[in-house]
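Just so it is clear, the values below take in all heavy atoms, side chains as well, and ignore hydrogens, waters and symmetry mates. Every chain is numbered from 1 and lettered A, B, ... according to where its sequence line falls, protein lines coming before strand lines. Please read these numbers as outputs of a predicted model, since none were measured by experiment.
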There are 2 protein chains.
Amino acid sequence: MTATASQTSPRKRAGNGAARRIDADEIGLDALIGHAGYAVRRFQIWIFQDFIKTLGDVDIRPTQYSVLTVIGANPGLSQMAVAKRLGIERARLVHLLDSLEQRRLVKRIKSKTDRRSHAMHLTTQGETALAKFKRLAAEHERHVEARIGKANRERLLQILADFT
Amino acid sequence: MTATASQTSPRKRAGNGAARRIDADEIGLDALIGHAGYAVRRFQIWIFQDFIKTLGDVDIRPTQYSVLTVIGANPGLSQMAVAKRLGIERARLVHLLDSLEQRRLVKRIKSKTDRRSHAMHLTTQGETALAKFKRLAAEHERHVEARIGKANRERLLQILADFT
DNA sequence: TATTGTTATACTCTATAACTATA
DNA sequence: TATAGTTATAGAGTATAACAATA
């Protein structure tokens, strides 16, 4: 589907002077309907909001969760390696790690082989906490499944597999 | 697929003192692999970057495009109606419209029936510009199709249709 | 009382640039 | 010289709260 101006015409507004109230679902999206980016963005907002809510009690946001998960699975990584793998700016990762280190979930250990870099590790407390976060994240994932359907969720993961 | 800590074990780092360089694609994502939100977020970033680049010459970003498209298809809408339909905060829309109005693409007209509200319209210049933006956006959409495949793009639009 | 548009504040995130200490 | 981590700044985007004008 291509987006052209001729696809839809502007809908008529009340022309009698007494403007009718317009409900949100009456408003046409026109070319936006054909844009994958629009749907993906709206879906991503929904999914992040559910994640933030589901992990609200433990106060962990999606980016923090991704950082903890990658460090947990690859202990000893440098900040640069984590940043590159997750597509986070290294300057941004500094603040994320400051916060996670203050919460005693992560520790930076000076590398002996390259004194410019830090080896990232979960603390013991961090390991325990991450296990809990993963259980909550799995719960969030079940919300996604309930929202779009089991088969659709799996199809989505397949389609987007090489963006990870 | 559920995300549990036992799915993958931390991979061994070089233990011989001479730390080996780790390439990004060697770093395991662990539980993130099973999260739709992670894949969707990475895809959304890619797609927005392509949109911003493809419409770089005309300096239009995704949110601006969505606002112009909805106003173009529904002339006379109030700011509240546009904000609600697109899921934008009304406070944020004020600044978006300030910018679009300064560029003479949009005009706010005081409503005669409800003097609190403004009726949003494209200017003549805005109509012409939007037609061009739509052609560029369609070009961007072809990039998406080339990246994930025609059938996958259509399937994606189907799966996410009710988030629009 | 409630709603529309506005202003303001704070926090998240992205994108840069520059600095330091190393390599 | 180049890289790792840090600090700083600017702009998007999100989330609130409060205010004036109007309903």
Nucleotide D/dA15, atom C1' - distance to CD of A/Q49 in whole Å: 10 Å
Contact under 4.0 Å: B/S117 side-chain N or O vs D/dT22 OP1/OP2: no
Nearest-nucleotide 5' precedence on DNA chain D, A/R41 against A/M80: A/M80
Closest-nucleotide ordering on DNA chain D, the 5'-leading residue of A/D114 and A/I45: A/D114
Interatomic distance where CZ belongs to A/R42 and C1' belongs to D/dG13 [whole Å]: 14 Å
Nearest listed nucleotide, side chain of A/H118, among D/dA8, C/dT6, D/dG5: D/dG5
Which atom of A/A138 lies closest to which atom of B/H35, heavy atoms considered: N-CE1, 4.3 Å
Proximity of B/F43 and A/F163 rings by center, below 6.0 Å: yes
Comparing B/V94 and A/P62 on DNA chain C - which has the more 5′ nearest nucleotide: B/V94
Interatomic distance where CD belongs to A/E101 and C1' belongs to D/dT6 [whole Å]: 13 Å
A/F51-A/H143 aromatic ring centre distance below 6.0 Å: no
Sugar-phosphate, base or nothing in reach of B/Q64, heavy atoms under 4.0 Å: nothing
Between C/dG5 (C1') and B/L96 (CG): distance, integer Å: 14 Å
Short side-chain N/O contact from B/T63 to OP1 or OP2 of D/dG13, under 4.0 Å: yes
Smallest separation among heavy atoms of B/V82 and B/I71, with atom names: CG2-CG1, 4.2 Å
5'-most by nearest nucleotide on DNA chain C - A/R116 or A/R61: A/R61
Touch class at under 4.0 angstrom, heavy-atom based, for B/Q79 against every strand present: sugar-phosphate
Atom pair distance, as rounded to whole Å: CG in B/L86 and C1' in D/dT14: 15 Å
C/dA17 OP1/OP2 closer than 4.0 Å to side-chain N/O of A/R90: no
Sugar-phosphate, base or nothing in reach of B/R115, heavy atoms under 4.0 Å: sugar-phosphate
Side chain A/R92 and base C/dT14 donor-acceptor under 3.5 Å: no
Nucleotide C/dT14, atom P - distance to CD1 of A/I88 in whole Å: 8 Å
Nearest-angstrom distance from the residue atom NE2 of A/H95 to C1' of C/dC11: 13 Å
Nearest-Å distance for atom pair CD/P, residues A/E89 and D/dA4: 13 Å
Exercise: do A/R61 and A/Y65 side chains pair donor with acceptor under 3.5 Å: no
